[in-house]
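As structure tokens, the structure follows; a few thoughts come after it.
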Amino acid sequence: METLKSTPCGATVTVRRVDGAGAVRRRIMDMGITKGTEIYVRKAAPLGDPVEVTVRGYELSLRKADAEMILVEPAKNFSA
């Protein structure tokens with residue numbers, strides 16, 4: 001499964017699972033990154049750390065180590 005760390009800029013993905021344990025996992029989930037949430041990867045710093053994303057309507061910067069704990073899949077776009 002792909003992680004948020006390996007997601008290219010400009011892509012929208014859906015969270016499948018948040019790995020990790022304890023306070024780090026809880027902090028990620030408190031930021032609104034939970035199963036089923038869509039995340040748009042806005043940009044990454046030149047060395048890849050941090051990664052700037054849009055989640056639930058707000059912008060968020062994540063360290064590479066945190067982004068690696070977030071397992072994602074390509075977002076499913078539904079058309080009416």
Side-chain angles (χ1 to χ4, degrees):
M1 210 178 290
E2 184 179 344
T3 65
L4 187 60
K5 177 184 170 185
S6 63
T7 304
C9 293
T12 300
V13 293
T14 303
V15 176
R16 294 293 298 150
R17 185 173 75 224
V18 178
D19 281 345
V24 176
R25 184 172 190 264
R26 175 84 280 174
R27 185 173 52 84
I28 291 171
M29 294 177 74
D30 285 345
M31 289 186 276
I33 300 173
T34 56
K35 183 177 179 179
T37 303
E38 284 196 358
I39 298 176
Y40 172 70
V41 180
R42 295 176 48 91
K43 59 185 172 183
L47 297 177
D49 198 12
V51 176
E52 188 175 310
V53 299
T54 300
V55 58
R56 297 183 186 262
Y58 67 94
E59 295 172 3
L60 177 67
S61 292
L62 294 169
R63 295 178 294 191
K64 282 193 297 189
D66 294 343
E68 196 167 26
M69 293 181 198
I70 302 167
L71 301 173
V72 297
E73 67 182 5
K76 294 177 178 55
N77 295 326
F78 298 100
S79 354

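Just so it is clear, the values below take in all heavy atoms, side chains as well, and ignore hydrogens, waters and symmetry mates.
Applying the salt bridge (Lys or Arg N to Asp or Glu O under 4.0 Å) test to E68 and every residue at least two apart in sequence or in another chain returns K5. Shown here are the side chain to side chain contact (heavy atoms under 4.5 Å, CB included) partners of P46, two or more places apart in sequence or in another chain: there are none. For A65, the side chain to side chain contact (heavy atoms under 4.5 Å, CB included) test picks out no residue, with sequence neighbours left out. In terms of the side chain to side chain donor-acceptor pair (under 3.5 Å) criterion, residue partners of T37 (sequence neighbours excluded) are, by chain and number, T34, R56. In this view, R63 and R27, D49, D66 satisfy the side chain to side chain contact (heavy atoms under 4.5 Å, CB included) rule, not counting sequence neighbours. With sequence neighbours excluded, the residues forming a side chain to side chain contact (heavy atoms under 4.5 Å, CB included) with P50 are A45, S61, listed by chain and number. R17 is linked by a salt bridge (Lys or Arg N to Asp or Glu O under 4.0 Å) to D19, counting only residues two or more places apart in sequence or in another chain.
Residues V15 and V55 have side chains not in contact (no heavy-atom distance under 4.5 Å, counting atoms from C-beta outward).
The hydrophobic cluster containing Y40 does not contain V53, counting ILVMFWY residues as joined when their side-chain heavy atoms lie under 4.5 angstrom apart, directly or transitively.
Here CZ of R42 is found 4.5 Å from OG1 of T54. Values are rounded to the nearest 0.5 Å. The CG atom of L62 sits 5.0 Å away from atom CD1 of I70, with the distance rounded to the nearest 0.5 Å.
Checking side-chain atoms of R25 against main-chain N and O of V18 turns up a donor-acceptor pair under 3.5 Å.
Counting all heavy atoms, side chain and backbone alike, E2 lies closest to P8 at OE2-CD, 4.2 Å.
Partner V72 forms a side-chain contact (heavy atoms from CB on, under 4.5 Å) with one of T7, T3, V41 and no other, that one being T7.
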